[in-house]
2 protein chains.
Amino acid sequence: MLRLSKLTDYAVVVLVRLAGAQGPHLAGQASVQTSPGIAASTGIPEPTVAKVLKSLSGSGLVTSQRGARGGYRLQRRLDEIPIADVIAAIDGPIALTACVDGSASECEAQALCPMRGRWDPVNDAIRSALNRITLADMQVAAIPPAFRTPTRTTAAPALPPAALPSGNMPAAE
Amino acid sequence: MLRLSKLTDYAVVVLVRLAGAQGPHLAGQASVQTSPGIAASTGIPEPTVAKVLKSLSGSGLVTSQRGARGGYRLQRRLDEIPIADVIAAIDGPIALTACVDGSASECEAQALCPMRGRWDPVNDAIRSALNRITLADMQVAAIPPAFRTPTRTTAAPALPPAALPSGNMPAAE
DNA sequence: GACAATCAGGACTGCTTCGGTCCACTTAGC
DNA sequence: GCTAAGTGGACCGAAGCAGTCCTGATTGTC
C-alpha cells in the first residue's frame with residue numbers, strides 16, 4: 001500500500017508546529033512547548049502527541065526537558081530535517097520489504113532467498129527521494145492560499161481544537 | 001513502515017517467472033502459462049497466484065485467455081514495466097497518505113485540512129523514483145551468485161521446502 | 001522539604017487491514 | 001457434453017496499528 005503511518009503524519013504536524021511557535025529565527029533556542037500545549041493547538045489527542053514526541057526525542061529531532069517548565073523544542077531547523085528522518089524516527093528504517101532492510105533476523109530463508117537484494121534499487125531510490133525533501137518543503141508545499149488563514153501560525157492547522165473532537169485528525173485520513 | 005504488501009512481491013515473482021519461461025525473445029508471443037502451473041513452479045499458493053494474476057490482468061500487465069488451454073502471458077517486456085505499474089496494479093494508486101491520492105471522498109475534514117497537498121512533493125518524488133525502475137532492473141539487481149540457487153522461491157519464505165519442487169526460480173536463469 | 005508539572009517507558013485494547021482460501025459462475029477447447 | 005481454466009465475490013483468521021492508560025522519574029517552585 002506504500003502507506004505511511006498516521007503517527008508519521010502527526011509527527012510532521014507537531015514538528016512544524018514546534019517550529020512555527022518558535023519562529024524561524026528562534027529555532028532550537030527558545031519557546032519550549034509541552035505536549036499538552038501542542039495537543040491543544042493542533043487538535044491531536046494529547047497521549048498521541050506525547051507518543052510522537054517521545055519517538056522524535058529518541059531520534060534526536062527534538063530535545064526534551066523534564067520537570068516543571070519542561071517540554072520539547074526543535075533540535076534543528078525545518079530545512080535541515082529531511083522527511084526521511086521523520087519517517088525513520090516514527091516507523092523505523094525505510095524499506096519496502098521486511099527482508100531487505102538490513103535486519104537479517106527477520107527472514108529465516110534469507111540466505112537462500114533469491115529476492116534478497118532485488119528490492120534494493122527500489123529502496124535506494126525511495127530513500128534518496130525522501131532525503132531530498134525537508135520539512136520546510138512540506139511546510140510551504142501546495143497549500144492553497146485560501147487555507148493559509150492569517151489568524152494562525154504557518155505551522156498550526158487552521159482548525160480550532162474544538163473542531164476536532166475525535167476521529168478526524170488534521171492530517172491524513 | 002513504508003512497506004508494500006506481500007502480494008506486490010508475489011506479483012514481481014510471477015511476472016518475472018512469466019517472462020523467464022517465455023524467454024526474452026518470445027515475450028508476449030508464446031508460452032501461455034496457467035496459474036496452477038505458475039504456482040507449482042514458484043511455490044506460491046495457487047489461490048494467491050490466481051489472485052495476483054487477476055489483478056495484473058485487470059491492469060493490463062498480462063493478458064488472459066479463458067477456457068481449456070487458457071492461461072496468462074506477459075503483455076510487455078520486463079524492461080518496459082516500471083515497478084510503479086506493478087505496485088499500482090496490486091495496491092492501487094501510489095500515495096503515502098490516504099487523503100492526498102486524489103480520492104476526495106476519503107477525508108471529511110479535507111476542506112479544512114491544512115495538510116492537504118502537503119505530502120504532494122513526497123508522493124511525486126516516490127512516484128517518479130518508482131517509474132524509473134523496471135522489472136528488468138530487479139531481475140538482475142544485486143543478487144550474489146551464491147544466492148542464485150534454483151531451490152527456493154522468493155516471496156514465500158515461510159513455505160516448507162516440500163512445497164517448492166525444483167528448478168523454480170526464474171532469477172536463476 | 002513538599003508539591004506540582006512534565007517527560008519516560010511500558011502494557012493494554014479495539015479496530016482495521018491484509019493474506020489466504022473457498023465457492024459458484026463463465027468461457028473455450030477437445 | 002466434458003473438462004480445463006479464468007472471473008468475481010465473499011469470507012475468515014492473523015497481524016499490525018492507533019489510541020489510551022498507568023506508574024515512575026525528574027525538575028522547578030513555593
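In what follows, every chain begins at residue 1, and chains take the letters A, B, ... in the order their sequences are listed. Basis for what follows: all heavy atoms, side chains included, without hydrogens, waters or symmetry-related copies.
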Polar-atom pairs under 3.5 Å, protein N or O versus N or O of nucleotides 13-15 of chain C: list them with distances, or write none.
none

Dump the pairs, protein N or O against N or O of nucleotides 26-29 of chain C, anything under 3.5 Å, distances to one decimal.
{"from": "C/dT26", "atom 1": "O2", "to": "B/R66", "atom 2": "NH2", "distance (Å)": "3.0"}
{"from": "C/dT27", "atom 1": "O2", "to": "B/G67", "atom 2": "N", "distance (Å)": "3.2"}

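At least one donor-acceptor pair under 3.5 Å links the side chain of A/S128 to the backbone N or O of A/A125.
Checking D/dA18, C/dG9, D/dG6 against the side-chain heavy atoms of B/P36 singles out D/dG6 as nearest.
For C/dC18, the OP1/OP2 oxygens have no side-chain nitrogen or oxygen of B/Y10 closer than 4.0 Å. The phosphate of D/dA18 (OP1 or OP2) has a side-chain N or O of A/S5 nearer than 4.0 angstrom. When the side-chain nitrogen and oxygen atoms of A/S35 are compared with OP1 and OP2 of C/dT6, none of them lie within a distance under 4.0 Å. For D/dA5, neither phosphate oxygen OP1 nor OP2 lies less than 4.0 angstrom from any side-chain nitrogen or oxygen of B/S64. OP1 or OP2 of C/dT21 lies within a sub-4.0 Å distance of a side-chain N or O belonging to B/T48.
Within 3.5 Å, a donor on the side chain of B/K51 pairs with an acceptor on the base of C/dG20, or the reverse.
Shown here are the side chain to side chain contact (heavy atoms under 4.5 Å, CB included) partners of B/D124, two or more places apart in sequence or in another chain: B/R127.
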Going through the checks in order, is the side chain to side chain contact (heavy atoms under 4.5 Å, CB included) test met by A/D85 and A/R76? CA-CA 12 Å; A/D85 284 8; A/R76 288 180 269 168; 3.3 Å; yes
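Regarding A/I90, its CD1 atom lies at a distance of 10 Å from the P atom of D/dA18, rounded to whole Å. Look at OH on A/Y72: it is 13 Å from C1' on C/dA5, rounded to the nearest Å.
At the heavy-atom level, A/L7 lies under 4.0 Å from the strands shown only through sugar-phosphate atoms.
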